[in-house]
Amino acid sequence: MREAGGSVRARLRDLVAAWDPGLLRLTAGLRAVSAIALTLTVLALLRADVPHLVAGAVAAMVFTFAVREKQRAPQAVTLALGLPVALASLTLAALLHTRVVAGDVVFVVLIFCAVYGRRYGDRGTTLGLIGFQMYLLSLFVGATPRMLPQLYGVVAVAVTSSALARFVLVPETPSAVLDRLRDAFRARLARLVSAQLDLLDAGSDEIDKALADVRAGTARLHETALMIQGRLEEGTAGESVARLVQRRVADAEIAAERLGLLLLTARSAERADTLTLHLPGAPAPPGGPLPVRDEATAALRRDLRALRLLVLRPAAAGGAGVAYVRNRLLGYRDGENLPKAPPAVQDVFRGVGEAARAVLGLRVALDGPQDESDDSPATARSREELDAEDAAIDAGEEPSGREPEGLRRPTTRAAVQVAVGSSLAIAGGEFLSGQRWYWAVLTCWIVFINTASTGEILVKGYRRLVGTVLGVVAGLLLAGLVGHHTWTAFALVLVCVFAVFYTAPLSYTLMSFFVTAALGLLYTLLHTYSLSVLVLRVEETALGAACGIIAAAFVLPVHTDRRTNELLVTTLERLAEVTGSAVDQLSGGPPADLLDQARELDRALADLRAATQPLTHRGTPLRGRRDTARYVVALLETCAYHARSLAATAELLPTHPSIAADPRLRPAGQRILANITTISARVTDERSAGRVTTGPTVASLLEPDVPGTPRWGRVTDRVLRHLQRLDEAVLGLARPLQVPVAAPRR
């Protein structure tokens with residue numbers, strides 16, 4: 001019974017870890033609720049009235065979500081600096097309470113400075129956000145100079161409560177976050193293996209859903225890998241440890257993605273294209289499920305379950321059974337005990353062995369040395385390979401790019417745009433309401449956060465408006481239920497605040513919904529609630545979004561096409577760097593820092609994927625353009641997968657005698673790099689006359705010169721396969737990007 005309970009808890013823990021990697025959303029929500037609850041408790045004991053309770057709750061929430069640093073010491077410094085900034089902002093707003101024009105001018109200047117401060121990193125962003133929000137808070141509660149002493153005390157209580165919630169009640173250290181992200185990576189890896197198991201058995205009417213689940217699982221695993229990479233520097237003991245974990249996570253991600261592709265190929269009439277895993281809605285390749293009662297299929301089903309067990313099994317829970325399973329799976333790498341089956345099915349077993357090896361490396365990197373007493377020769381060889389790789393890992397410095405200057409700097413441009421948009425919002429908002437015009441300014445400010453093009457701002461403004469309209473309906477219902485019960489209303493506000501923080505990374509529309517519902521409750525507490533007030537909020541929100549879009553479109557505009565083209569060029573440059581360095585090393589060149597280059601490629605691709613959201617949004621009327629954008633991003637994800645795989649293999653050269661450099665790879669690599677450069681030049685300048693060139697397959701370039709020489713004498717089949725697929729994917733980019741294709745000269 002106890003074991004069953006523990007199993008249920010473990011499954012629940014894995015489910016939560018997979019749904020909320022690192023428990024980052026849960027932590028943020030609990031921290032905000034704790035800070036607000038503590039503030040309300042202290043103020044209630046001091047017999048504060050309802051307006052000051054509302055001010056304290058809002059201030060506690062602002063100081064909780066504004067701080068962005070990951071280390072505890074910088075967080076404490078930022079909180080300490082935030083207090084005088086908050087008090088100065090409150091003072092300005094209160095002193096200018098009756099001077100409308102001067103107050104508006106100061107507010108616009110404050111907005112400009114707050115956005116411009118983002119160029120100074122996390123602390124500048126936080127202090128600017130605190131200054132802006134505290135000015136808004138003063139307008140929200142109608143602060144006057146006579147109220148300042150009490151408001152100072154309320155803000156001091158809120159800052160103290162936020163610090164206690166952050167450092168005592170809901171503490172969070174970079175190492176603890178990284179540990180939880182590692183658990184999330186394992187959980188998502190196990191869920192991906194489960195989806196692949198479903199893909200193995202899916203019938204013709206289930207294949208599309210099973211393939212969609214594999215795609216989603218692969219994307220979530222990659223998302224978690226990127227989150228881990230962003231936390232390695234702060235969460236590990238040193239650079240070498242960080243690079244080791246990064247390498248093992250990358251190995252596991254590549255092995256899992258390769259296993260999914262091999263499964264697709266095994267149940268297909270032809271070799272599956274990697275693009276199938278990356279293009280949403282792409283049909284499964286023709287073919288059918290493997291024979292249900294076939295011995296090889298039964299063994300494969302058993303081994304996929306065993307692989308999932310190895311992923312989830314705690315390091316401490318060893319034993320002969322686990323060792324036996326691990327040894328069997330690792331034996332497939334060397335072709336041991338492969339069942340009698342078609343070559344494509346045998347490749348899946350080899351893929352299972354490679355995935356088991358990646359899981360072993362991940363476990364050693366995350367949990368330390370393991371018991372080796374039950375190792376088979378195949379497992380011992382895998383451990384020796386991992387040890388040799390670990391010893392070869394060396395830290396390297398990341399290249400620093402030159403930032404644009406003047407009005408071309410993103411922070412400066414955004415500051416000017418927000419200042420102009422806010423001026424329009426103030427003017428228009430005061431026509432709608434002389435008291436609550438600041439709602440329009442708030443919306444204008446928010447639609448510019450984490451956006452960089454007119455299209456992104458348009459989509460964000462639309463989502464905020466939809467969430468606000470739905471939130472107004474919820475606010476009406478909640479206000480009717482609460483009536484004048486103060487503490488019931490505050491309890492519901494806490495629920496809404498938790499939902500705001502928990503849903504913010506998932507859906508901006510949901511976040512806006514809960515923000516508006518919470519505001520309806522706060523206005524109920526202030527006895528200023530009415531249907532007209534909530535309708536006014538919708539009007540001000542629409543006005544603020546419109547002002548933000550107008551400012552983005554006409555003041556130093558960055559159109560979506562220009563933004564996506566810039567990021568596309570950056571992604572192609574990073575792809576060329578990784579591919580060039582990997583092929584050079586595989587051809588006998590000097591070692592390069594391939595891990596960091598692959599990480600930069602992933603980041604560039606993530607930025608491009610986010611920037612194309614306005615183009616791929618389901619509401620866009622330009623369906624052809626939407627499909628093209630999706631296809632290009634999917635092709636680039638395919639290119640990135642093969643480039644990461646080449647980089648991972650190239651890093652094995654110094655430690656694996658079975659993988660040796662082959663200079664005959666260089667011509668194929670040079671053609672691929674030339675094609676990437678040609679495509680990049682065409683994206684940069686449509687007048688570019690360059691053409692991409694096709695050529696013989698990579699495998700044909702490596703035909704043996706001497707009869708009887710093994711075909712794969714100096715490189716592995718995997719290197720050839722990834723290089724060939726990368727060549728095909730780069731050529732595939734030419735058509736949607738309208739780059740001419742020319743056959744090579746003979």
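Atom set for the values below is all heavy atoms of this structure, side chains included, hydrogens, waters and symmetry mates excluded.
Side-chain N or O atoms of R267 include one that pairs as donor or acceptor with a backbone N or O of A202 at under 3.5 Å. Using a distance-only test at 3.5 Å, with no hydrogens or angles considered, no donor-acceptor pair links the side chain of T579 to the main chain of A576.
Counting only heavy atoms from C-beta outward, the side chains of V692 and I679 approach each other to under 4.5 Å. Residues Q597 and L601 fail the side-chain proximity criterion, which asks for heavy atoms closer than 4.5 Å. In this structure, the side chains of T678 and R682 stay at 4.5 Å or more apart for every pair of heavy atoms. Residues R357 and Y332 fail the side-chain proximity criterion, which asks for heavy atoms closer than 4.5 Å. Residues R191 and R220 have side chains not in contact (no heavy-atom distance under 4.5 Å, counting atoms from C-beta outward). Residues L192 and L259 fail the side-chain proximity criterion, which asks for heavy atoms closer than 4.5 Å.
Here A219 pairs with nothing under the side-chain contact (heavy atoms from CB on, under 4.5 Å) rule; sequence neighbours left out. In this structure, T218 has no side-chain hydrogen bond (donor to acceptor under 3.5 Å, both in side chains) partners at least two apart in sequence or on a different chain. When the side-chain hydrogen bond (donor to acceptor under 3.5 Å, both in side chains) test is applied to T564, no partner is found at least two apart in sequence or on another chain.
A salt bridge does not link D602 to R574: none of the charged side-chain nitrogens sits closer than 4.0 Å to a carboxylate oxygen. The existence of a salt bridge linking R603 and E600 is confirmed by a sub-4.0 Å separation between a basic side-chain nitrogen and an acidic carboxylate oxygen. Salt bridge D251/R248: present, at least one basic N to carboxylate O contact under 4.0 Å. Under a 4.0 Å N-O distance rule, the pair R328/D303 qualifies as a salt bridge. Here E295 does not pair with K340 in a salt bridge; the nearest charged N to carboxylate O distance is not below 4.0 Å.
Contact record, C639 with L733: SG-CD1, 4.4 Å, taken as the closest heavy-atom pair.
Side-chain polar atoms of S194 and R308 form a donor-acceptor pair below 3.5 angstrom.
Using bins of under 30°, 30° to 60° and over 60° for the plane-to-plane angle, the ring pair H722/H642 lands in the tilted bin.
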